[in-house]
Amino acid sequence: MGHPLSCVLEWTIAHLYDTKAKNVISFSSRTAPIFAVLRKNLLSKKRTQIAYVDSLPNFFKSEVIKNIYGYNFEVTQVNNINDITKFDGSTIFIPKQTKIHQFEYNQYVDFVINMDENYGSIILIH
């Protein structure tokens with residue numbers, strides 16, 4: 001978000017989940033955190049799996065993103081975070097949550113991205 005209040009939000013979430021503040025980043029965008037991970041992994045030649053509950057967000061068009069940006073990723077629908085298993089690469093989890101500040105944990109998930117239509121998104125890096 002680039003605002004001092006977002007730093008307080010990031011610090012608070014990090015404190016709640018017993019991690020470093022640098023592992024929590026808030027965005028006014030819902031796509032930016034996904035694209036950031038996909039770009040980093042593309043440059044690092046690392047595979048990416050995007051796991052989601054119910055359906056991917058309407059704005060996220062996998063084939064369009066792959067064709068335009070050249071990102072290489074797999075999408076996997078799961079019932080919940082516990083369905084995610086070990087993956088040879090990075091795993092992004094997009095839950096179907098109602099509160100942007102509540103995060104789930106699974107040892108096989110590298111990034112959890114919570115989204116809100118009005119406020120943007122928060123990524124928690126494990």
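These numbers were taken from a predicted model, which means no experiment stands behind them.
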Inset, instruction - Look at the side-chain heavy atoms of Ile, Leu, Val, Met, Phe, Trp and Tyr, link any pair under 4.5 Å apart, and say whether F87 and I81 land in one connected group. - result: no

Inset, instruction - Please examine the side chains of V53 and V78, heavy atoms only from C-beta on, and report whether any two atoms are closer than 4.5 Å. - result: yes

Inset, instruction - Indicate the atoms forming the closest heavy-atom contact of I113 with S121, along with that distance. - result: CG2-CB, 4.2 Å

Inset, instruction - Determine whether I50 and L56 make a side-chain contact, defined as any pair of heavy atoms from C-beta on separated by less than 4.5 Å. - result: yes

Inset, instruction - State yes or no: are the ring centers of F60 and Y71 separated by less than 6.0 Å? - result: no

Inset, instruction - Taking the side chain as every heavy atom from C-beta outward, state whether Q107 and H126 have any atom pair closer than 4.5 Å. - result: no

Inset, instruction - May I ask you to test the Y17-Q102 pair for a side-chain heavy-atom distance under 4.5 Å? - result: yes

Inset, instruction - Give a yes or no on this: more than 12 heavy atoms of other residues, nucleotides or ligands lie within 6.0 Å of atom CG of D18. - result: no

Inset, instruction - Check whether V64 and I94 end up in the same hydrophobic cluster, where Ile, Leu, Val, Met, Phe, Trp and Tyr are linked by side-chain heavy atoms less than 4.5 Å apart. - result: yes

Inset, instruction - Go through the structure and list residues passing side chain to side chain contact (heavy atoms under 4.5 Å, CB included) with L16, not counting sequence neighbours. - result: T12

Legend entry - Pairing residues for F111 by the ring-ring contact (aromatic ring centres under 6.0 Å, His included) criterion, not counting sequence neighbours: none

Legend entry - Check: N58 main-chain N/O paired with K61 side-chain donor or acceptor under 3.5 Å: yes

Inset, instruction - Treat each ILVMFWY residue as a node, draw an edge where side-chain heavy atoms are under 4.5 Å apart, and state whether L124 and Y108 are in one component. - result: yes

Legend entry - Contact check, side chains of S62 and F73, non-hydrogen atoms, under 4.5 Å: yes

Inset, instruction - Enter the distance from D88:CG to K46:NZ here, rounded to the nearest 0.5 Å. - result: 9.0 Å

Inset, instruction - Give a yes or no on whether K66 atom NZ has more than 12 heavy-atom contacts from other residues, nucleotides or ligands under 6.0 Å away. - result: yes

Legend entry - Same apolar cluster: F35 and L42, side chain cutoff 4.5 Å: yes

Inset, instruction - Please check if the side chain of N23 supplies one atom and the backbone of A14 the other of a donor-acceptor pair under 3.5 Å. - result: no

Inset, instruction - Report yes if the side chains of I125 and I25 come closer than 4.5 Å at any heavy-atom pair, otherwise no. - result: yes

Legend entry - Backbone N/O of D54 and side chain of Q77: donor-acceptor pair under 3.5 Å: yes

Inset, instruction - Kindly say whether I84 contributes a backbone atom to a donor-acceptor pair with the side chain of N106 at under 3.5 angstrom? - result: yes

Inset, instruction - Please tell me if the side chains of V112 and P95 come closer than 4.5 Å, counting only heavy atoms from C-beta onward. - result: yes

Legend entry - More than 12 heavy atoms of other groups within 6.0 Å of R47 CZ: yes

Legend entry - For M115, the option from P57, P33, S29 that meets side chain to side chain contact (heavy atoms under 4.5 Å, CB included): P57

Legend entry - Minimum side-chain heavy-atom gap Y69-L38 below 4.5 Å: no

Legend entry - More than 12 heavy atoms from other groups under 6.0 Å of CG on D116: yes

Legend entry - Polar side-chain atom of E10 near backbone of S26 as donor-acceptor pair, under 3.5 Å: yes

Inset, instruction - Identify the two heavy atoms, one from G120 and one from I100, that lie closest to each other, and give their separation to 0.1 Å. - result: O-CD1, 3.8 Å

Inset, instruction - Going by the side chain to side chain contact (heavy atoms under 4.5 Å, CB included) test, name the single residue among N72, I92, I34, D110 that passes it with T48. - result: I92

Legend entry - Transitive ILVMFWY side-chain link F59 to V37, under 4.5 Å: yes

